[in-house]
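The structure appears below as structure tokens.
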Amino acid sequence: MKQILEAILSGDTASVGALDVPDHYRGITVHADEAGMFEGLDSKEKDPRKSLHLDDVPTPELGPGEALVAVMASAINYNTVWTSIFEPVSTFSFLKRYGKLSPLTARHDLPYHVVGSDLSGVVLRTGPGVNAWKPGDEVVAHCLSVELESPDGHNDTMLDSEQRIWGFETNFGGLAEIALVKSNQLMPKPAHLTWEEAASPGLVNSTAYRQLVSSNGADMKQGDVVLIWGASGGLGSYATQFALNGGAIPVCVVSSPEKAEICRAMGASLIIDRSAEGYKFWSDEHTQDQREWKRFGARIRELTGGDDPDIVFEHPGRETFGASVYVARRGGTIVTCASTSGFMHEYDNRYLWMNLKRIIGSHFANYREAWEANRLIAKGMVHPTVSKVYSLEETAQAAYDVHRNLHQGKVGVLTLAPAEGLGVRDAALREQHEAAINRFRNR
């Protein structure tokens, strides 16, 4: 591993193909025998620092259509938080099911799970049938792992019956020194970004692209009013950029003055600080307060000059979903994923059916959508939103901070990279966008 890292740091990435691949590596894991450790606790009381481990693990066998990648950096997503607190189910149930698919996928069914759904790094080896990538290529990876043996996925790979999220529903994820991916997860690393910056957009950037821009999602057009929950967060920060780039009008919902300032730095001007304005959409655990929906809708119209949202970019879930359905305009679209505040949504269906609104479920992105989202990053049209970077040894703390919503934008993790700021290949392009690249830093 030391020789591989030295080659990468020297810029001689092509030479890694001649170096031996280590038979083991360090990775962040959860353990199957600890899956019940948080039983009886409320979600907020479950502590990822107790369940995430830094272990030495064997390097997996490389199969057809696959690649081993030396991971320079990764990032924390909410699916790693879910994995670490074993909600809504233990991810070992995913690994067990995947392991039954074939002798090759049986590799994934282990008593430990190497987690993580983002990476930037260098290809070490490719398996039989891989022609588009070679050892030494600098890459990022999107997190769609798909078999494509069923006809269901050939119009849209997200509809494949054996579609999974890498590092969450499969093993050998990106929070590690080496990762195993399918070659059709790979995309070129944006040359003007550091390793940690390049690693951070993958999952959330692609998810926001499909959810908001793609015809598989809300199919946003110029002039659309887009209500964006958590507009300075991991998903919302990319949705805000897509809305602004696409000529839409974002209405950014945040929870503090600091988060409002980040949205202004991105170029948004219509901002609701839900904490300062005291919105409480639930009067108690079981009852939503429709008066608060109406007050919230009135505030949106006040900001927009009388317009209701054409699109509601939904991801908090239970806490906000009733309000989202209510405030969308007649014929409007609520596009939803994630449900970080709870999966069991409640809303008044009269406001949906009588006003001809639509709810669209959206889950990650297909390869084409992920590629387009990454291309926008590579061209400097959309920027990473890294606020803080942790070492691999500090990953559990990073996951805890995301679980407790103590972060802005995305939280990065250095895996093999020994320091921040490495990996830039196009300094001129970086100089053009330096301020935008760093606008989330140390927030």
Side-chain angles (χ1 to χ4, degrees), residues 44 48 73-82 116-118 120 175 193-208 211-212 226-245 250-277 313-317 319-320 337-338 340-341 373 377 382-391 394-414 420-421 433-443:
K44 292 180 179 178
S74 186
I76 302 295
N77 293 291
Y78 216 87
N79 68 10
T80 295
V81 174
W82 289 329
S117 299
D118 281 325
S120 65
L175 284 163
L193 298 182
T194 66
W195 294 114
E196 63 275 10
E197 291 162 355
S200 69
L203 186 151
V204 287
N205 185 44
S206 302
T207 299
Q211 195 172 353
L212 192 57
V226 183
L227 180 70
I228 302 172
W229 293 100
S232 71
L235 269 175
S237 59
Y238 289 99
T240 300
Q241 291 185 74
F242 286 135
L244 290 166
N245 284 359
V251 179
C252 298
V253 185
V254 296
S255 58
S256 72
E258 293 77 17
K259 294 181 178 183
E261 189 54 40
I262 290 177
C263 292
R264 292 188 185 96
M266 286 190 286
S269 59
L270 308 183
I271 299 169
I272 297 173
D273 183 340
R274 59 183 295 199
S275 297
E277 299 184 29
F313 184 86
E314 242 292 345
H315 55 97
E319 183 183 351
T320 59
C337 74
T340 52
S341 71
I377 296 278
V382 173
H383 304 289
T385 62
V386 178
S387 60
K388 190 173 181 180
V389 179
Y390 294 76
S391 67
E394 297 170 320
T395 301
Q397 181 65 49
Y400 174 84
D401 289 353
V402 172
H403 183 34
R404 304 294 295 180
N405 199 28
L406 302 175
H407 69 303
Q408 311 278 17
K410 280 299 291 288
V411 171
V413 176
L414 298 178
E420 296 179 47
H433 301 290
E434 192 90 39
I437 292 168
N438 289 319
R439 63 189 162 203
F440 277 71
R441 285 287 187 164
N442 302 314
R443 295 271 189 171

Is there a donor-acceptor pair under 3.5 Å between the side chain of Ser200 and the backbone N or O of Gly412?
no
Any side-chain heavy-atom pair of Thr194 and Glu420 under 4.5 Å:
no
Of all the heavy-atom pairs spanning Glu197 and Pro384, show the shortest one and how long it is.
O-CB, 3.7 Å
Would you indicate whether the side-chain heavy atoms of Arg274 and Thr320 approach each other to under 4.5 Å?
yes
First locate atom CH2 of Trp229, then atom CG of Leu235, and finally report the distance between them rounded to the nearest 0.5 Å.
15.0 Å
Does Cys263 reach the side chain of Ile228, with side-chain heavy atoms less than 4.5 Å apart?
no
With a 4.5 Å heavy-atom cut-off, do Leu244 and Pro250 have their side chains touching?
yes
At their closest point, which heavy atom of His403 faces which heavy atom of Pro48, and how far apart are they?
CD2-CD, 4.0 Å
Closest non-hydrogen atom pair, Ala73 against Ala199:
O-CB, 3.4 Å
So, Ser117 versus Asn79: side-chain donor-acceptor pair below 3.5 Å or not?
yes
So do the side chains of Glu261 and Ile271 get within less than 4.5 Å of each other, counting heavy atoms only?
no
Hey, are the side chains of Val402 and Asn77 touching, using non-hydrogen atoms and a 4.5 Å cut-off?
no
Scan side-chain atoms only and decide if Gln241 and Asn245 contain a donor-acceptor pair under the 3.5 Å cut-off.
no
Side chains of His383 and Phe440: closer than 4.5 Å at any heavy-atom pair?
no
State, to 0.1 Å, how close Thr240 and Ala268 come at their nearest heavy-atom pair, and which atoms those are.
CG2-CB, 4.3 Å
Is any side-chain heavy atom of Asp118 closer than 4.5 Å to a side-chain heavy atom of Lys410?
yes
Do the side chains of Lys388 and Glu394 get close enough for a salt bridge, i.e. N-O under 4.0 angstrom?
no
